[in-house]
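Heads up, the thing below is written out as structure tokens.
Chain naming here is simple, since letters A, B, ... match the order of the sequence lines and numbering starts at 1 in each.
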Amino acid sequence: MSNEIKTNDLFTGEVKKKADALLAKYETKRASLLEILHLVQEQQGYVSVAAEEAVANYLGIAPIDVHEVVTFYTLYYRAPKAKTRFNVCRTLSCALLGARDIVGHLEQKLGVKSGAKDPAGQCSIQEVECLGACELAPMLQLNDDEFVGHLTKEKIDELIKKQ
Amino acid sequence: MEKLLSKYFIPGKTFTLAEYEQDGIAAFASIPPAASQTGRLESGGGYQAARSMFEKFPDPKLLIEEVKKSNLRGLGGAGFPPGMKWSLVPQNTGKPVYLVVNADEGEPGTFKDKYILRHNPHLLLEGMMIAAYANNVHKAYIYIRGEYTEPWQKLVRGVEEAYAKGYLGKKIFGKDFALEIVVHRGAGAYICGEETGLLESLEGKKGFPRLKPPFPAVVGLFGCPTVINNVETLSYLPFILNRGSEWFAKLGSAKNGGLRLFSVSGHVAKPGIYELPLGISLREIIYTHAGGIRGGRKLKAVVPGGLSAAIFKADEIDVGMDFDQLRAKQTMAGSAGVIVLDETTCMVKALYVTMRFYGHESCGQCSPCREGTGWVSKILKRVSEGRGRTGDVNNLLDICSFMGGTTICALADGAAMPLCSYLEKFREEFEYYIQHGKSMVDGTALETETALVH
Ligand SMILES: Cc1cc2nc3c(=O)[nH]c(=O)nc-3n(C[C@H](O)[C@H](O)[C@H](O)COP(=O)(O)O)c2cc1C
Ligand code: SF4
Ligand code: FES
């Protein structure tokens, strides 16, 4: 997954087919950029500088246009991501119900600071803004997918054990 | 009380197209069984409103009039009546008209659109068909926030079902009307919920809001006239067509038609979604529906319409929750995200958490917003670390006065509203914190990264 991507290899075979299908949905090539980047990330785990260039070539736009977008949005990883990712919501509804304690407990249990991943790339903690799940406060999103809510220290311990 | 959208919010269940169609009581829940036994056409089941609109409204302008009469308001936050918005769309430019659905749901405290997408995406799709017919739209986009992985999957599935059935595509319901729908994922940015930031993002760029005018209705996506509506706004359209605009208007309060989904969170016993009439009192939402304050504690404050709304003190909750009554109280109905704060909450830290959000999410195009939200967060962080200085409150009030009103988009106003209202209504708490280097509230429910050292 973390192999260096060759610019020319990315948009071939299945990936090219999927990308072409995405392109066909939009009025302009550039409009497909966010979805193309999601596709690249699904394939490679993150969006490397080389991948940015490949995307720019594929869409016929300047690499800087791709780079600007990759850095503007929070969901694109620019380095290989950790295997298990705890994205903890820190906005008001979650904060009111103890989000800070949840982050503190995770930091202690995993030995990783909020905003970082462990050297082996096993896990990371990231504080994020409201995920649209305040009814579950305090909550986190696991691996950019499942919402886990009503968190307690015990629940965190169990969650860590399962990974 | 009758439920419309939330009737479908059954835990663990997503309505398929077939189930939605068969669900005769869906839109007709209050009509006696005798009347609905006469068959599907009368029963107003799923997709009946869209199927029958071509005959019912041979001229789409009549459909727009019907929606106007319903007093439906824009439920994404601004409350602008969709019927009015649609009449501003020029139909003679020679360019296509686009429909864009705002499913970015980023306003903190708001989580309602997720329920529609997750439990019955067909409500939205049918609403989109109606809006498309009204505005002569043949291509529509749904912009869904990137973090909504599961709702996105359900939505894509729903769209596929509708295509497979021939309800989307070249001839919807066999009529001479084409509609294509594309689902587009965002990638994490609150500002892309702002309609012009959303359009930029949809065009493959950074989500930098555009200067208005021109409004998107005139110059929107790819330079073409564009209708932008929120998920929930569109999802009420099938009910309006099935049961009439007068019925819908009567459900709510003056000029504020129908029900809406209140997202209630924070220190209540039963956080969740409550579908209630516009104009219902805030007290009733909190105490009758959301189970009151958890642990039998006392109420301290409420954010009535998403994080960007001005805050209410506990004695201000006898207010009707609609767009006009809340504006009259210098706050807003917004996205109907009700965040409840109990007596254990430190307002200094609550405001810090709030302003940190805007500091993080400001796109940085306008200096009052970029600098204002940045400074305020820094000052509040310092105060909550016990290093406040005399004059901080006045400084904050100064910043507040120049931050809103002068910027490209309304994010800055949305940041100024909580800032000013917290400072005005809880000033003594800020003064105390600055003077004593600690919170006036013992055992506060709210900790921040730096306040943990106390
Ligand atoms: C900073 C900001 C963020 C917004 N976020 C959202 C959002 O997440 N979802 C939404 O529907 N509207 C959001 N809006 C409101 C939209 O700009 C727009 O008014 C709305 O999508 C129109 O749909 P409606 O008329 O059906 O409500 C936001 C506005 C601002 C200023
Ligand atoms: S007000 Fe703030 S968020 Fe809106 S355009 Fe200006 S800088 Fe960006
Ligand atoms: S505040 Fe945490 S999910 Fe909304």
* To do: Check the pair B:Ser201, A:Tyr73 against side-chain contact (heavy atoms from CB on, under 4.5 Å), reporting the backbone distance first and the verdict last.
  => CA-CA 10 Å; B:Ser201 178; A:Tyr73 296 93; 2.9 Å; yes

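Proximity to chain A is absent for every atom of B:Thr444, based on heavy atoms less than 4.5 angstrom apart. Neither the backbone nor the side chain of A:Ala137 comes within contact range of chain B; no heavy atoms are under 4.5 Å apart. Only the side chain of B:Phe222 comes within less than 4.5 Å of a heavy atom in chain A; its backbone stays farther off. Residue B:His184 touches chain A through both its backbone and its side chain, counting heavy-atom pairs closer than 4.5 Å. Using a 4.5 Å cut-off between heavy atoms, B:Glu203 touches chain A through its backbone atoms (N, CA, C, O) alone. Proximity to chain A is absent for every atom of B:Glu180, based on heavy atoms less than 4.5 angstrom apart. Only the side chain of B:Thr354 comes within contact range of chain A, with heavy atoms under 4.5 Å apart. With a 4.5 angstrom heavy-atom cutoff, B:Val338 does not touch chain A via any of its atoms. With a threshold of 4.5 angstrom between heavy atoms, B:Cys346 does not approach chain A through any atom at all. Both the backbone and the side chain of A:Asp145 come within less than 4.5 Å of a heavy atom in chain B. Only the side chain of B:Lys139 comes within contact range of chain A, with at least one heavy atom under 4.5 Å from a heavy atom of that chain. Contacts between B:Val340 and chain A at a heavy-atom distance below 4.5 Å involve the backbone alone (N, CA, C, O). Only the side chain of B:Ile191 comes within contact range of chain A, judged by heavy atoms closer than 4.5 Å. For B:Lys206, the parts sitting under 4.5 Å from any heavy atom of chain A are the backbone and the side chain alike.
For A:Lys155, the NZ atom counts as densely surrounded, since its 6.0 Å shell holds more than 12 non-hydrogen atoms of other residues, nucleotides or ligands.
You'll find the side chain of B:Arg294 reaches within 4.5 Å of the side chain of A:Leu97, heavy atoms only. In this structure, B:Tyr190 and A:Thr91 have side chains that are not in contact, with every pair of non-hydrogen atoms separated by 4.5 Å or more. Looking only at side-chain heavy atoms (C-beta outward), B:Lys349 and A:Arg100 stay at 4.5 Å or farther from each other. Side-chain contact between B:Glu147 and A:Leu75 is present, with heavy atoms from C-beta onward closer than 4.5 Å. Taking the side chain as every heavy atom from C-beta outward, B:His360 and A:Glu127 never approach each other to under 4.5 Å. The side-chain heavy atoms of A:Arg30 and B:Lys205, taken from C-beta on, include a pair separated by under 4.5 Å. In this structure, the side chains of B:His267 and A:Leu96 come closer than 4.5 Å at one or more pairs of heavy atoms.
Looking only at heavy-atom pairs under 4.5 Å with chain B, the residue among A:Ile36, A:Thr74, A:Leu33, A:Val128 that has the most is A:Thr74. For the set A:Ala133, A:Ala31, A:Cys130, the entry with the most heavy-atom pairs within less than 4.5 Å of chain B is A:Ala31. Annotation: maximal heavy-atom pairing with chain B below 4.5 Å, among A:Ser114, A:Gly98, A:Ser93, A:Cys94, occurs at A:Ser93. Between chain B and the options A:Glu35, A:Glu146, A:Lys29, heavy-atom pairs under 4.5 Å are most frequent for A:Glu35. Per-residue heavy-atom pair counts under 4.5 Å with chain A were compared for B:Glu150, B:Arg145, B:Glu105, and the maximum is reached by B:Arg145. The greatest number of non-hydrogen atom pairs below 4.5 Å with chain A, out of B:Gly272, B:Ala350, B:Ala187, is found for B:Ala187.
Rounding to the nearest 0.5 Å gives a distance of 10.0 Å between CD of B:Glu200 and CZ of A:Phe72.
At a threshold of 4.0 Å, the pair B:Lys95-A:Glu27 does not count as salt-bridged, since none of the basic side-chain nitrogens sits closer than that to a carboxylate oxygen.
Between the side chain of A:His38 and the backbone N or O of B:Gly186 there is at least one donor-acceptor pair closer than 3.5 Å.
Between A:Tyr26 and B:Tyr141, the ring-plane angle classifies as parallel under the 30° and 60° cut-offs.
Heavy atoms only, all atoms of each residue included: B:Tyr148 and A:Leu131 are closest at CE1-O, 3.3 Å.
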